[in-house]
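Numbered from 1 within each chain, the chains take letters A, B, ... in sequence-line order. All of these numbers come straight from a predicted model, not from anything done at the bench.
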2 protein chains.
Amino acid sequence: MALFVERGYDKTTVGDIAARAGLTERTFFNHFADKREVLFSGSDQFVKQIVDAVRATPKSASPLDAVLAGYESTSDMFAERRPFARKRSEMIAAHPDLLERELIKMMTLAGAITNVLEERGTPASSATLASETGAAIFRVAFEAWIHDPKEHSLTFQMRAARRQLERVVGRAKRVARS
Amino acid sequence: MALFVERGYDKTTVGDIAARAGLTERTFFNHFADKREVLFSGSDQFVKQIVDAVRATPKSASPLDAVLAGYESTSDMFAERRPFARKRSEMIAAHPDLLERELIKMMTLAGAITNVLEERGTPASSATLASETGAAIFRVAFEAWIHDPKEHSLTFQMRAARRQLERVVGRAKRVARS
DNA sequence: GTCTATAGTCCGATAGAC
DNA sequence: GTCTATCGGACTATAGAC
């Protein structure tokens, strides 16, 4: 990350990264499948955290509630890392390669959540919809969280996004203008 | 596509593709930014089709209705190409590289739709939510459409997915088990 | 069209930890 | 003795510079 900020993502070679870490290029590829993965190394843990939280929600909760509870369980973790999250987010947004990787990670996560919902007895297509909808809410909330000068929590942003989604999905002919 | 089917995506080099087309490797990169793009060449037209359709829906329609109308406008186009769509979909699903590209294309499309909604007067975050939700519905519907032995239309699948989403998003404590 | 850097693979060698 | 981490060299394909 330091190197990427110093000289830019494209201008940083795998050799550079390895050298800075006191290793060789081969060793790098031993730990990471490709260059992009260095920015996503924590993602397994992130997935586990969320999946566990979904699994732990009472069965009385609706599928969507369970999904949102899963994402919200990361709120504390993110709270301490807002500046880093902001930087990382900018870096990803600026590099299509990284954005692609980010998207496939989010999709893998959504798939894992779908599986947990199915374990809980949710029918397949409802599970998919709940998990994809939850992901959309998370993305909107995360974006708001990153840029919010008032620094509300991620959970706060997710609750707001959820209420808004309910209005958007409702069959009402007219939608409030703000 | 022929080459990819013949010898597999990974085993096909850009040189192979260029040779088959009677061109050189450099010329290939003149037309496509990278190897993956050959499978997404029609995507600009796809985006235009949908964006135009969203723009053309009456303002009385809700944002989500407009988004869905956009996606549904591709139903006829897809109807004639079900076998090809199926093959392409399998190819993409089998190759993470291609899946990444597919996802970023879908995200670009969602972004374009969001912009059109904003032009129509929908507030930014509602626009994002409507467009992301619409994308989720499309994905679920497309998946069902591809595998449906009864060969219902894409529009049919989208209507079904939408009804299901409404149940999923509703605040009901209990959700129907099928 | 030429030339070149970089990413990423394959096979194998080596060394330390437990 | 097995497991795991590092390293080396040769190699191909992608992709960018010119």
task: Would you give a per-nucleotide map of nucleotides 2-18 of chain C, 5' to 3', where B means the base has a protein non-hydrogen atom under 4.0 Å away, S means only the sugar-phosphate does, and - means neither?
output: B---SSBBB--------
task: May I ask you to say whether B:Arg139 pairs ionically with B:Glu143, meaning some side-chain N is under 4.0 Å from a carboxylate O?
output: no
- prompt: Sequence neighbours excluded, which residues qualify as side-chain hydrogen bond (donor to acceptor under 3.5 Å, both in side chains) partners of B:Arg36?
  reply: A:Glu100
query: Closest nucleotide of DNA chain D for A:Leu23 versus for A:Lys11: which of these residues is on the 5' side?
result: A:Leu23
query: Below 4.5 Å, heavy atoms only, C-beta onward: do B:Arg26 and B:Phe29 meet side chain to side chain?
result: yes
query: Which pairs with one or both residues in residues 101-121 of chain A pass ring pair (Phe, Tyr, Trp, His ring centres under 6.0 Å), sequence neighbours excluded?
result: none
Charged N-O contact under 4.0 Å between B:Arg20 and B:Glu6: yes
statement: Rounding to the nearest 10°, end axes of the helix from C:dG1-D:dC18 to C:dC18-D:dG1 built from five pairs each make an angle of 20°
- request: List in chain and number order the residues that pass side-chain hydrogen bond (donor to acceptor under 3.5 Å, both in side chains) with B:Asp16, two or more places apart in sequence or in another chain; answer none if no residue qualifies.
  value: B:Arg7, B:Thr13
task: Quick one: pull up CG in A:Leu129 and CZ in B:Arg167 and give me the separation to the nearest 0.5 Å.
output: 10.0 Å
- request: Kindly write out the residues that satisfy ring pair (Phe, Tyr, Trp, His ring centres under 6.0 Å) with A:Phe28, not counting sequence neighbours, or none if the list is empty.
  value: A:Phe32
query: Between atom CG in B:Asp97 and atom P in D:dA13, what is the gap in whole Å?
result: 16 Å
